[in-house]
Asks: 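If you scroll down you'll find the structure; I have some questions about it.
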Amino acid sequence: MLRIAIQGKGRLNEETLNLLQEAGVRLPSAKRTLLIPAKDFPAELLFLRDDDIPQAVADGVADAGIVGENEFLEKQGGAEMIKRLGFGKCRLSLAIPKEEDYKTLSWFNGKKIATSYPVVLSDFLKKNAIKAEIHTISGSVEIAPGIGLADAIFDIVSSGSTLMSNHLKEVETALHSEAVLIANKSLNGEKERILKELIFRVDAVQTAEDKKYILLNAPNSVLPEIFNILPGMRSPTVVPLAQEGWSSVHSVIDEKRFWEIIGKLKNLGTEGILVVPIEKMIL
Ligand code: PRT
Ligand code: ZN
């Protein structure tokens, strides 16, 4: 049994549960308790505050966890980062009052910076040889300059609208963060095996996410040109149609190249193009 710590409520909760569900780690629909065994997979989910997840995994209270990279880096040591998960994206940035004239990081020398991420901030300042005072507060960091508690802040930014409504401007980004899968460094053989299976499944979900399955009908004369456009997993599948001289072609394409590929295929005289999402993909 692998115990996975995830955020109980908050920004990461829903997407974490979605990802786990797509990986076949489903929860019974009944009531939410602190610890719930998954259906059809040897794991149980432990619902925690995001701040507590890195430590819980480091201490072995949980075997693995899903948490923002910002929290993982702040609570240094212990757990091991396994994989980036592609959601919960944000950045950790320095912001200062809008009206300040800002040119370089040296602006921060001798200043007081409010943050909930003193460890990440202190690393960043050290790396850039800036000497500033760090004032740790646990919430509503963005109001600190307005009430005279600090000269600047170091906080999570996503759209930037919180900064704007507090008359602040983002001037430096220290970290681009997203949700990450972390694990305890000394799992036993059985837990290690379950974690490997989980990683395998998450990989399959992620690989499928930016791919589409495409089916189309084409005159046989243009098949060689289609093979140049459509890569497929090995190569496209070709099935003859009942109508003489025509085939059905099946392949997998990159979401990013979707419109480019469709344009080229239409120009070749293909018909009946169907594009369908792929749920899982094992390479
Ligand atoms: O209760 P618990 O301690 O578990 O939750 P929490 O309130 O500490 O965290 P939560 O749920 O707000 O965020 C969990 C994780 O989501 C963070 O650790 C980040 O990894 C990630 N994340 C992604 C964010 C944001 N985007 C985000 N925008 N976390 C916080 N914010 C805040 C930001 O601080 C700002 O004040 O949302 C506000 C709005 O941001 P703007 O720039 O869009 O205005
Ligand atoms: Zn928190």
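As the structure lists them, so they are numbered: ligands from 1, and atoms in each ligand from 1. One is the number of the first residue; the rest follow in order along the sequence. Note that the coordinates shown come from a computational prediction; the quantities given were computed from them, not determined experimentally.
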Asks: Take atom CD of Glu99 as the centre, draw a 6.0 Å sphere, and report whether it contains more than 12 heavy atoms from other residues, nucleotides or ligands.
Replies: yes
Asks: Using a cut-off of 6.0 Å, state whether more than 12 heavy atoms not belonging to Glu279 lie near its atom CD.
Replies: no
Asks: Consider only side-chain N and O atoms of Glu172 and Asn128, and report whether a donor and an acceptor are under 3.5 Å apart.
Replies: no
Asks: With sequence neighbours left out, write down each residue that passes salt bridge (charged side-chain N to carboxylate O under 4.0 Å, His left out) with Arg257, or none if nothing qualifies.
Replies: Glu260
Asks: Heavy atoms under 4.0 Å from ligand 1: which residues qualify?
Replies: Gln7, Lys9, Gly10, Arg11, Leu12, Arg49, Asp50, Asp51, Gly68, Asn70, Glu71, Gly88, Lys89, Cys90, Asp155, Ile156, Val157, Ser158, Ser159, Gly160, Ser161, Thr162
Asks: For the CD atom on Glu14, are there more than 12 heavy atoms of other groups (residues, nucleotides or ligands in this structure) within a distance under 6.0 Å?
Replies: no
Asks: Not counting sequence neighbours, which residues clear side chain to side chain contact (heavy atoms under 4.5 Å, CB included) with Glu225? List them please.
Replies: Val222, Leu268
Asks: For residues Ser93 and Glu170, is any side-chain donor paired with an opposing acceptor at under 3.5 Å?
Replies: yes
Asks: Within less than 2.8 Å, report the number of protein N/O/S atoms around the Zn ion (ligand 2).
Replies: 2
Asks: Does Met1 have more than 12 heavy atoms from other residues, nucleotides or ligands lying within 6.0 Å of its CE?
Replies: yes
Asks: Find out if a path of hydrophobic residues (ILVMFWY) with successive side-chain heavy-atom gaps under 4.5 Å connects Leu121 to Leu105.
Replies: yes
